[in-house]
Every structure is written in C-alpha cells, then in structure tokens.
Amino acid sequence: MNKKLVMIPGPTPVVRSIQDQMGRETVAFGDPAFVKDYKELIDDLKLLWKTEGEVFVIAGTGTLAMEMAIANTTKAGDNVLIISQGFFGDRFIDLCQRKGLKVDVLASEWGDVVPLAEIEAKLKEKKYSVVTVTHVDTATGVVAPIEEIGKLIRGFKDTLYIVDGVCATAAEPEYVDEMGIDVLLTGSQKAFGVAPGIAVVWAGPRAMERRKSLGTIPEFYIDFDKWLPIMKDPSKYFATPAVNLIWAMKEAVQIIKEEGLEKRYLRHKKNAKAVQSALLALGFKILAKEGCRAVSLSNVIYPEGINDLEFRKILAEEGIVVAGGLGPYAGKLFRLGHMGNIDTHDLVSAIATIERALYRVGYHVELGKGVGVLMKGLLD
Ligand SMILES: *Cc1c(COP(=O)(O)O)cnc(C)c1O
C-alpha cells in the first residue's frame with residue numbers, strides 16, 4: 001500500500017513539526033508562555049506582510065475571514081465591486097448581498113483575469129465602499145494582478161481594497177501597505193501548511209479608520225473592535241483562542257522565517273513552472289492562461305477520453321489525492337495543489353503517480369517523460 005499524499009488545494013500536507021504543536025497538551029489561554037507565543041505570532045505576521053495596521057488571528061476558516069473583511073468595512077446599502085475569476089470570487093456575491101450591500105460584479109472567463117481597463121471604467125462610474133479581489137481563485141488556478149489593481153484603487157480615496165489570499169498568502173507575494181491593500185485575508189490550511197481552523201485578517205490603517213467610522217456593527221464574533229484589545233494583549237479574553245492551532249501557526253511562521261519569505265515565493269514559482277511543464281508534456285492542458293497561472297495550484301484539463309472519477313480513484317489508489325473540478329469544469333479537470341511545505345520528493349511522487357494513473361487508464365504515456373521534464377525544471 002502506498003502512503004497517501006494529499007495534494008488538494010487545501011488542506012495541504014502538514015509537516016511533523018507543525019503536527020507536534022497540535023499534539024501538545026493544551027494549556028490555559030492565560031498561560032504566560034502561550035500568551036507570549038500568541039503575541040509573537042501576531043507581531044511576526046504584521047512584520048512579514050508589512051503593515052502599519054493590525055492583524056487578527058482567530059478561530060475560523062477562510063470564509064469567516066472573508067465575512068470579517070466585509071463586516072468591518074461596509075454598512076448596509078453601500079456599493080461593493082466584486083472582481084471574480086471563479087467560484088471563490090463569486091462567493092463574495094451572496095456574502096455581500098446578505099449584508100444588504102449593493103453588488104456589482106466584474107467576472108472573467110474561467111481561466112483568465114478581468115482586464116484592468118474594465119476595473120478602472122467601473123471605478124469611475126460609481127463610488128464603491130470596497131472592491132474585492134480573489135488573489136488566486138482555487139476553482140480556476142488564475143492569479144490576479146493584485147499590485148496593479150491596488151495602484152488603480154489608490155486613485156479612488158473612499159474605496160477600500162480587500163484581497164482574498166486564502167489560496168495565495170505565503171505562496172504568492174503580498175505586501176499589505178506597499179500594494180495598497182487595505183484588508184488581506186487568509187486561512188491556515190493552504191500555503192501555511194497548517195490544519196484548517198485559523199482565519200487571519202490583516203487590516204491596514206485605512207481599514208482601521210473605516211471600522212471606526214462605522215460605529216457599532218451588527219456582527220459580534222468577527223468585530224475588529226472586539227478582537228483588537230486581544231491582539232494587542234492576548235492575555236485578555238474575548239472568545240477562546242484555538243490554543244494548539246495558534247502554536248501550529250507559530251511553527252508555520254517559524255518555518256517561513258527560516259526559509260525566508262522571498263525565497264519561499266521563488267520556490268513556489270519554480271515548482272509551479274516545473275510541475276506545469278511536466279503536466280503539459282504528458283498531454284494535459286492548464287486552465288489558466290499563460291501569464292496568469294498561479295504558483296499555488298494547477299487546474300489540469302484532461303486529454304480526450306479520460307474519465308475524471310476513474311482517473312482520480314486510480315490516482316488515489318496509487319497514493320496521490322487531488323481535487324475535482326468545480327462549476328463548468330466539474331469532470332473536465334483535476335486540481336493539484338503544490339503550495340506550502342511540500343518538497344521535491346512530493347513533487348516527483350505526484351508527477352510519477354500521475355504517469356502511473358495515466359498508464360492504468362489506458363492512456364498512451366511514455367513513462368518517465370513528465371518526471372524528466374519536472375526534474376529539469378527543478379534543477380534549472
Ligand atoms: C479555500 C478558499 C476559500 C474558503 O476557505 P475555507 O477555509 O474553506 O472557508 C476562500 N477563498 C479562496 C480563494 C479559497 O481558495
């Protein structure tokens with residue numbers, strides 16, 4: 001029996017040193033050593049993602065972080081512009097409509113980005129409270145040009161810029177203040193390589209000012225005002241922190257510091273290029289167009305004649321678990337995560353296993369071809 005390697009776009013493989021933190025005996029949330037660890041995590045996250053503002057690290061998933069971003073920057077009746085490159089971009093639509101926001105959507109074709117000129121034209125038409133952009137949409141594997149969009153939005157002084165980094169943060173470069181991002185949000189289980197359960201929200205100075213101007217907001221658990229005193233002094237209580245997951249996040253950040261965040265971004269870029277070249281050499285197509293391909297995952301379109309469920313079942317038997325396609329691409333592609341704390345062994349195994357699965361479903365494949373291309377890419 002082969003070991004199962006989980007290569008879905010989150011949760012991603014959790015390395016031993018992070019598992020060990022989750023397996024520790026849980027202490028009181030007021031334990032001085034824990035309070036110190038929590039505070040160090042908060043300080044490191046602000047420093048590494050470069051904001052003069054605040055960061056909130058609380059129990060919840062990426063979706064909670066999305067809701068937290070909207071809750072603290074808008075009030076019912078406000079205009080919001082949603083820039084969507086797929087399923088997770090679209091998730092903001094329902095979320096914002098339930099809050100009573102007036103929603104405009106700019107959606108790209110799946111596999112492409114929304115052109116900057118379209119965004120600019122829309123911003124000139126109407127005053128938006130916030131604009132949301134999904135940095136990497138997991139449904140399409142497309143990466144949005146967040147820096148360029150940030151520059152555009154800076155020209156509209158009453159508009160805040162929210163970036164969903166759930167499938168990007170710690171893999172794709174993100175600098176909160178420098179890129180003009182007002183709120184960046186993410187979850188623990190993607191490129192941080194931690195189990196699911198922690199939501200992280202960075203809020204730059206403009207976002208904190210906006211929160212102040214809103215007064216009391218209807219939401220309770222996700223109110224910045226409720227959490228700010230705890231982020232400044234984690235010995236205080238608002239709602240119980242996920243003690244072991246906070247430790248796990250701290251270890252993930254320690255790993256990032258040891259690797260170097262810039263080096264981590266470069267590693268992701270190189271790995272993604274090598275993996276994508278290998279997949280193309282095997283006869284697959286990549287949904288995202290060249291020029292907007294994410295480094296965190298690949299959405300891999302099958303050649304003619306391969307049955308998705310059969311292929312993924314055999315792939316899992318051979319030891320690699322991948323995710324299926326979403327929306328219009330259900331049954332047409334599989335999604336391969338290659339973000340976080342995965343290493344060369346994992347990548348070689350993934351491509352070799354994909355070759356074995358192709359062979360077993362009767363697709364003509366020259367065994368070793370993808371692995372050869374991958375290794376060349378990794379060594380270049
Ligand atoms: C996974 C993902 C989410 C949702 O995160 P959950 O932790 O599942 O709630 C949101 N946005 C993007 C871009 C994602 O990839």
Side-chain angles (χ1 to χ4, degrees), residues 6-14 56-71 80 82-96 98 105-108 110-114 130-146 149 161-174 181 183-202 219 221-222 242 245 248-249 252 268 272 287-288 292-299 321-327 329 333-340:
V6 178
M7 298 285 281
I8 62 174
T12 61
V14 179
F56 299 87
V57 186
I58 67 171
T61 74
T63 306
L64 182 96
M66 292 168 74
E67 197 143 26
M68 191 171 190
I70 294 295
V80 45
I82 292 167
I83 297 167
S84 176
Q85 288 125 205
F87 180 84
F88 285 101
D90 290 350
R91 176 164 283 195
F92 272 115
I93 301 172
D94 191 16
L95 196 158
C96 289
R98 284 173 184 229
V105 183
L106 281 175
S108 65
W110 277 36
D112 209 345
V113 292
V114 175
V130 297
V131 177
T132 71
V133 176
T134 311
H135 194 176
V136 171
D137 201 302
T138 324
T140 56
V142 166
V143 59
I146 58 159
I149 298 172
Y161 182 24
I162 296 175
V163 174
D164 173 353
V166 181
C167 200
T169 308
E172 300 271 4
E174 290 170 334
I181 300 169
V183 182
L184 173 67
L185 63 101
T186 197
S188 52
Q189 79 275 28
K190 305 220 177 164
F192 279 94
V194 172
I198 291 288
V200 183
V201 179
W202 287 263
E219 297 82 359
Y221 177 72
I222 51 178
L245 282 174
M249 275 300 283
H268 276 84
L287 173 59
C292 62
R293 282 182 192 156
V295 301
S296 47
L297 83 159
S298 298
N299 290 21
V321 180
V322 297
L326 295 173
Y329 285 91
L333 61 74
F334 70 89
R335 295 179 298 139
L336 176 72
H338 35 75
M339 70 190 115

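Numbers for residues simply follow the sequence, beginning at 1. Whatever order the structure lists them in is the order used to number ligands and atoms, beginning at 1. If you're wondering where the values come from, they're calculated on a predicted model, not measured in any experiment.
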(message) Distance under 4.0 Å to a non-hydrogen atom of G62: what atoms of ligand 1 satisfy this?
(response) 5 (O), 6 (P), 7 (O), 9 (O)

(request) Decide whether an N or O pair under 3.5 Å exists between R91 and ligand 1. (result) no

(message) Polar contacts were defined as any N/O atom of the residue lying under 3.5 Å from an N/O atom of the ligand; does this apply to T138 and ligand 1?
(response) yes

(message) Under 4.0 Å from a heavy atom of T63: which atoms of ligand 1 are those, numbered in the order shown and with their elements?
(response) 4 (C), 5 (O), 6 (P), 9 (O)

(request) Give the single entry among Q189, M66, H135 that approaches atom 8 (O) of ligand 1 most closely by any heavy atom. (result) Q189

(message) If the contact criterion is a heavy-atom separation under 4.0 Å, does L64 count as touching ligand 1?
(response) no

(message) Taking 4.0 angstrom as the limit and counting only heavy atoms of C167, give me the atoms of ligand 1 inside it, by number and element.
(response) 15 (O)

(request) To the nearest 0.5 Å, tell me how far L95 CG sits from T63 OG1. (result) 8.0 Å

(request) For atom 14 (C) of ligand 1, find the nearest protein heavy atom and state the residue, atom name and distance (0.1 Å precision). (result) K190 NZ, 3.0 Å

(message) Only heavy atoms of V166, strictly under 4.0 Å: list the atoms of ligand 1 that pass.
(response) 1 (C), 2 (C), 3 (C), 5 (O), 10 (C), 11 (N), 12 (C), 14 (C)

(message) Using 0.5 Å steps for rounding, measure from the CG atom of L336 to the CD1 atom of I8.
(response) 11.0 Å

(message) Quick check for you: to the nearest 0.5 Å, what is the distance between L287 atom CG and D137 atom CG?
(response) 10.0 Å

(request) State if T134 counts as touching ligand 1 under the rule of any non-hydrogen atom under 4.0 Å. (result) yes

(message) Heavy-atom distances under 4.0 Å decide this one: backbone, side chain, both or neither, for D164 against ligand 1?
(response) side chain

(message) If we ignore hydrogens and angles and just use 3.5 Å, is the side chain of S296 paired with the main-chain N or O of M339 as donor and acceptor?
(response) no

(message) Within the 4.5 Å heavy-atom criterion, are L64 and Y221 side-chain neighbours or not?
(response) yes

(request) Please identify which atoms of ligand 1 are closer than 4.0 Å to at least one heavy atom of V136. (result) 13 (C)

(message) As a test of understanding, state which of V14, T186, T12, I198 forms a side-chain contact (heavy atoms from CB on, under 4.5 Å) with F192.
(response) T186

(message) Do E174 and T169 pair up side chain to side chain, a donor and an acceptor below 3.5 Å, judged on atom types alone?
(response) yes

(request) Keeping the roles fixed (side chain from S188, backbone from V194), state whether a donor-acceptor pair exists under 3.5 Å. (result) no

